[in-house]
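See below for the structure under consideration.
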Amino acid sequence: MLKYDVTVIGGGPSGLSAALSADRANAKTLLIEREASLGGILKQCIHDGFGLLRFGEKLSGPEYVYRDIKAVYETDIDVSLLTFVTKTEKTDDGFILHLVNRDGVTSVFTKTIVLCTGCRERTAKQVKIHGTRPAGVFTAGQAQNLVNLHGLMVTKKCVILGSGDIGLIMARRLTLEGAEVMGVYEIKSEPSGLSRNIAQCLNDFDIPLHLSTTVKRVYGHDRLEAVEVAKVDEKMNIIPGTEEIIPCDALILSVGLIPENEIAEDLGVTLDRFTKGPHTDNSFMTDVEGIFAAGNCLHVNDLVDYVSENGALAGKAAAEYVKKERKYAKITIDRTLGYIVPQEIDLTTDLSKVEMYFRSFSTVKNAVLEIKIDGNPFMEKKYMVVRPPEMEKLVLDLSSAGLTENSVISFGIVKKEGDING
Amino acid sequence: MVKEMTCIVCPNGCLLRVEQDGEEITVTGNTCKRGETFGKTELTNPMRTICSTVRTVFSDIEVVPVRVSAEIPKGMIFPVMEEINKVRLSERLGIGEKVIENVLGLNADVILTSNILKEEV
Ligand SMILES: Cc1cc2nc3c(=O)[nH]c(=O)nc-3n(C[C@H](O)[C@H](O)[C@H](O)COP(=O)(O)OP(=O)(O)OC[C@H]3O[C@@H](n4cnc5c(N)ncnc54)[C@H](O)[C@@H]3O)c2cc1C
Ligand code: SF4
């Protein structure tokens, strides 16, 4: 049986970075991908804007990921494409993975695993829409895949439900290809995508954005013929009398992403109820010793640059993994934060540069992030504005914070007091 | 004249206030220098990049992604799209190679952004 120090599952940007950094740390590394080529979801994200933080350049998705793919093929990392993990077993000193690929069925032993399985889209089943289920209802990612990888036009005239970034990007993409995008409908009172995508994908093409509005019903037998939209109140209940019928042949859903963690759950990894990704410590190790997680399966990122960075940290940690007694401090958030990663601090590690990622629960201007240790103020950080669509990254020095086992580090966002600009 | 706009240069998406007083244009709300430049050109001659795909003659890969190598005037987006849609690639070109040189004389090339045609031979 082939033996590895680190096995990375998923060949998207997080997996590529994890494998590269494990290899740099001299670990014998295997990279497993179920598709025919490396690159993950970025293969279909042909728009530009990737890599500004990491490379200082505005690259398209395929260009961004090509750099890492090329680097991987220049190393000794074993790459196994079109490969599925069918079964996982925990042993005393690692894991046995049962794999299926074109060469048949094989098993490998690995000391550690880095989960880099990305995320998937919420689908029509997960949003409440009445009516039949005709053809012509796509998730934004499905539409992106069909248009950008297969050159298929999925619509002549469509409605987009949800203002997530992929939906905004697809509004522009479909418009460029000659489709008419009737509007983007968002149930919340704020858009969930980045402001720059509202500007460059909608405003540039005069595509209207309707806030506090949702799709109530779809019409059509074989193919979608129309949707019914309606305004909602603050409690997200439909306001009677505001209904409007919009003829269209497609409804594109951009209603959110969820971390993909089937394998993690098989391995008994605990998921966090806020991120829906694994609960991890500051080395991005899950509560199952030797299993790490990075990228969008850990929490949904909005910038791939952070995904790559996170993958590299997890890959290095996996390569350096040794089994030992650990002591933990806990991390908690109040309701002003949507989530935080990691959820625990391993006190036996280097605490001088602890990387954390968080999202606010709502938009707050002139915000102050308050960090307390066992109730005592530890640190504050000011932000001009925090918004749920924009993930924030923090690097903390906790080495002299006096953390002991069972210390609680709590995070909360408050509005700066005495601020006249509101 | 005062205009509010979102700077699209980086993911921060700062809300800019661009004020024109005769020849003088002042930009506020930007966090960095690039935002100032963006605000000024946005008022006088807005520029954009576009990304799309071109068709190929190969049955294994129907389309490949492309982008313009430099910004083009916003008003030229659809004319450039028309040019891109005329292409039918018959050579297995690699990432960065030109598919259309100096498209419509705009001093920008249309270049491939993926190496997929080279990989899957
Ligand atoms: C449709 C869509 C569009 C997006 N658009 C953007 C965008 O425009 N800009 C942006 O910054 N971010 C975008 N994102 C977020 C984007 O996913 C991240 O930026 C980045 O690609 C995440 O990298 P990743 O490696 O975590 O996941 P992914 O890129 O999703 O890669 C995960 C990889 O794991 C593989 N995999 C999953 N499960 C298994 C398994 N069991 N066995 C083997 N392999 C497996 C998958 O095939 C895939 O290749 C988008 C996400 C989606 C879903
Ligand atoms: S002003 Fe600077 S920081 Fe703000 S969005 Fe523009 S480029 Fe980014």
Side-chain angles (χ1 to χ4, degrees), chain A residues 36-39 42-53 56 58-67 69-70 73 81 146-152 165 169 172-173 175-178 193-205 302-306 384-385 387 389-391, chain B residues 4-16 29 31-32 34-35 38 42 46-56 58 60-71 74-75 77-82 84-85 87-89 94-96 111-120:
Chain A
S37 56
L38 295 174
L42 289 200
K43 295 195 293 285
Q44 70 183 55
C45 300
I46 64 161
H47 55 282
D48 67 355
F50 299 88
L52 274 165
L53 299 176
K58 210 163 149 183
L59 304 169
S60 68
E63 288 172 299
Y64 178 97
V65 80
Y66 175 69
R67 299 186 174 193
I69 295 175
K70 194 159 164 274
Y73 283 121
L81 297 173
L146 292 168
V147 175
N148 292 349
L149 295 183
H150 301 284
L152 298 168
D165 285 310
I169 298 281
R172 173 176 65 184
R173 182 76 187 110
T175 307
L176 284 178
E177 289 295 348
L194 299 174
S195 326
R196 72 194 289 245
N197 285 336
I198 307 276
Q200 65 184 352
C201 298
L202 301 187
N203 300 353
D204 271 5
F205 299 94
D302 33 67
L303 292 181
V304 68
D305 308 63
Y306 290 127
M384 273 201 311
V385 61
R387 297 191 190 96
E390 289 163 25
M391 186 204 85
Chain B
E4 282 208 341
M5 60 178 80
T6 305
C7 176
I8 60 168
V9 178
C10 90
N12 285 349
C14 298
L15 187 62
L16 308 179
T31 312
C32 76
R34 288 177 301 171
F38 174 82
E42 193 64 11
M47 302 290 281
R48 294 288 184 272
T49 54
I50 59 168
C51 299
S52 187
T53 53
V54 295
R55 299 209 161 264
T56 79
F58 310 108
D60 55 336
I61 296 162
E62 299 98 326
V63 290
V64 278
V66 294
R67 68 172 164 94
V68 287
S69 61
E71 292 192 319
K74 191 174 160 185
I77 290 178
F78 284 100
V80 169
M81 271 306 291
E82 262 178 52
I84 289 175
N85 286 340
V87 175
R88 231 178 121 86
L89 201 63
I95 190 167
I111 58 168
L112 280 190
T113 59
S114 152
N115 216 41
I116 191 112
L117 285 175
K118 284 249 154 112
E119 278 166 26
E120 314 226 334

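In the text below, chain A, chain B and the rest are named by the order of the sequence lines, each starting its count at 1.
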Checklist entry - At their closest point, which heavy atom of L52(A) faces which heavy atom of V9(B), and how far apart are they? => result CD1-O, 3.4 Å
Next on the checklist: Measuring from atom CD1 of I50(B) to atom CG of D204(A), what distance do you get when rounded to the nearest 0.5 angstrom?
Outcome noted: 12.0 Å
Checklist outcome for this item: Answer key: most heavy-atom pairs under 4.5 Å with chain A among G96(B), P65(B), P46(B), C10(B) is C10(B)
Next on the checklist: With a 4.5 angstrom heavy-atom cut-off, is it the side chain or the backbone of V54(B) that approaches chain A, or both, or neither?
Outcome noted: neither
Checklist entry - Can you say whether I77(B) sits under 4.5 Å from chain A via the side chain, the backbone, both, or neither, judging by heavy atoms? => result side chain
Next on the checklist: Can you tell me how far apart CG (N115(B)) and OG (S37(A)) are? Round to the nearest 0.5 Å.
Outcome noted: 11.5 Å
Item to check | Heavy-atom check, side chain of I46(A) versus side chain of T53(B), under 4.5 Å | outcome: yes
Checklist entry - Would you say the side chains of E177(A) and S52(B) form a donor-acceptor pair under 3.5 Å? => result yes
Checklist entry - In Å, rounded to the nearest 0.5 Å, how long is the span from OG1 of T31(B) to CE of M384(A)? => result 4.5 Å
Item to check | Approximate separation, where rounding is to 0.5 Å, of R172(A) CZ and R48(B) CZ | outcome: 9.5 Å
Item to check | Residue L53(A) versus chain B: region with a heavy atom under 4.5 Å | outcome: neither
Checklist entry - Relative to chain B, which segment of F205(A) carries a heavy atom at a distance below 4.5 Å: side chain, backbone, both, or neither? => result side chain
Checklist entry - Can you name the closest pair of heavy atoms from A199(A) and T6(B) and give their distance? => result CB-CB, 3.8 Å
Checklist entry - Taking atom NZ of K70(A) as the centre, does the number of heavy atoms from other residues, nucleotides or ligands within less than 6.0 Å exceed 12? => result no
Next on the checklist: Heavy-atom cut-off 4.5 Å, strictly under: side chain, backbone, both or neither for V147(A) against chain B?
Outcome noted: backbone
Checklist entry - Under a 4.5 Å cut-off applied to non-hydrogen side-chain atoms, are D302(A) and P11(B) in contact? => result no
Checklist entry - Can you find a heavy atom in the side chain of T175(A) that is under 4.5 Å from one in the side chain of F78(B)? => result yes
Next on the checklist: Rounded to the nearest 0.5 Å, what separates atom CD in E62(B) from atom CG in L152(A)?
Outcome noted: 7.0 Å
Checklist outcome for this item: Under 4.5 Å to a heavy atom of chain A? For C14(B) that would be neither
Next on the checklist: Would you compute the distance between atom OG of S195(A) and atom CD1 of I8(B) and round it to the nearest 0.5 angstrom?
Outcome noted: 12.0 Å
